[in-house]
Amino acid sequence: MDGIEIAPFRSLDEFLLSQSRFQIPDFNNPEKWSNRIVNNLLYYQTNYFLSAVLIFLVITFLNPGHMILGIITMASIFGLLYYLSFKQAQVKNIKKNHPMVVMISTFCVGYFFIYQIGCVIAFLLGVMMPVVFTVVHASLRLRNIKNKVTSVAETLGVSKKTPMALFLDEWGIEPEVKYLS
């Protein structure tokens with residue numbers, strides 16, 4: 001993966017403790033709220049990844065059999081999507097034109113199979129808890145000066161691409177520079 005850079009780990013003090021400032025977002029301005037989420041996802045991506053792994057491991061430790069079945073099921077579904085997007089031009093075009101619809105549909109198909117297997121609770125706790133934690137933190141965390149400078153550098157292409165930037169590109173989400181306040 002040439003040109004990809006792992007974002008630095010932000011201190012626990014900056015991520016959650018005394019230096020961090022939290023505020024309920026302005027729900028009347030969804031563009032600004034969305035921009036806050038995207039920029040926090042890019043800035044704290046390593047912290048989010050480690051938090052997700054920690055939550056996932058705790059849930060896996062509590063429900064190992066169900067989590068293994070859920071992981072195999074979701075990996076198979078997403079692996080099939082990945083394979084088909086390279087082998088079938090129609091799937092690639094649909095994924096390119098409607099990335100959110102394809103991702104949500106893939107999750108729904110995976111959820112259906114997990115429901116049939118009977119390990120829904122483990123899936124919801126193990127996979128959705130890290131996602132919920134990440135979205136709630138990214139929504140509530142106010143951006144600091146370092147966050148704003150980093151997001152401008154990322155948006156203007158001055159810095160290398162990060163894994164979260166590639167993930168957001170897959171979903172068709174791009175950060176905007178217009179909300180720096």
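Note that this is a predicted model, so its numbers are computed, not measured.
For Phe61, the CZ atom sits in a loose shell: 12 or fewer heavy atoms of surrounding residues, nucleotides or ligands are nearer than 6.0 Å. Counting non-hydrogen atoms of other residues, nucleotides and ligands closer than 6.0 Å to CD1 of Ile24 gives a total of 12 or fewer.
At a threshold of 4.5 Å between side-chain heavy atoms, the hydrophobic network of Ile, Leu, Val, Met, Phe, Trp and Tyr places Val136 and Met129 in one connected group. Cluster annotation: Phe9 and Val53 are assigned to the same hydrophobic cluster (Ile/Leu/Val/Met/Phe/Trp/Tyr, side-chain heavy-atom contacts under 4.5 Å, transitive). No single ILVMFWY cluster, assembled from side-chain heavy atoms under 4.5 Å apart, contains both Leu125 and Val58. Leu54 and Leu17 are members of different hydrophobic clusters when ILVMFWY side chains are connected at heavy-atom separations under 4.5 Å. No path of Ile, Leu, Val, Met, Phe, Trp and Tyr side chains, each step under 4.5 Å between heavy atoms, connects Met74 with Phe49, placing them in separate hydrophobic clusters.
A heavy-atom distance below 4.5 Å is found between the side chains of Trp33 and Ile37. Side-chain contact check for Ile59 versus Asn63: some heavy-atom pair is nearer than 4.5 Å. Side-chain contact between Arg36 and Pro25 is present, with heavy atoms from C-beta onward closer than 4.5 Å. Contact of the Asn40 side chain with the Tyr48 side chain is registered, since non-hydrogen atoms from C-beta on lie closer than 4.5 Å. Contact annotation: the side chain of Phe56 approaches that of Ile71 to within less than 4.5 Å [non-hydrogen atoms, C-beta and beyond]. At least one side-chain heavy atom of His137 sits less than 4.5 Å from a side-chain heavy atom of Phe15. Between Phe22 and Leu142, the closest side-chain pair of non-hydrogen atoms is not below 4.5 Å.
Pairing each heavy atom of Thr73 with each of Leu69, the nearest pair is OG1-O, 2.8 Å. Taking every heavy atom of both residues into account, Arg141 and Arg21 meet most closely at NH1-N, 3.4 Å.
Distance check: Glu31 CD to Asp26 CG gives 12.0 Å after rounding to the nearest 0.5 Å. Distance check, rounded to the nearest 0.5 Å: CE of Met67 to CG of Leu62 gives 10.0 Å. How far CG of Asn93 is from NZ of Lys96: 7.5 Å, rounded to the nearest 0.5 Å. The distance from the CD1 atom of Ile72 to the CD1 atom of Ile68 is 7.0 Å, given to the nearest 0.5 Å.
In this structure, Arg10 satisfies the cation-pi test against Tyr43, with its NZ or CZ atom closer than 6.0 Å to the six-membered ring centre and inside 45 degrees of the ring normal.
Judged purely by atom type and a 3.5 angstrom limit, Ser34 has no side-chain atom pairing as donor or acceptor with the backbone of Pro30. Put simply, the side chain of Gln88 never gets that close to the backbone of Ser85: no donor and acceptor are under 3.5 Å apart.
Looking only at atom types and distance, the side chain of Asn39 has a donor-acceptor partner in the side chain of Asn35 under 3.5 Å away.
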Under 3.5 Å, which donor-acceptor pairs link side chains of residues 101-122 to any protein atom two or more places apart or in another chain?
| from | atom 1 | to | atom 2 | distance (Å) |
| --- | --- | --- | --- | --- |
| Ser105 | OG | Val101 | O | 2.7 |
| Thr106 | OG1 | Val102 | O | 2.6 |

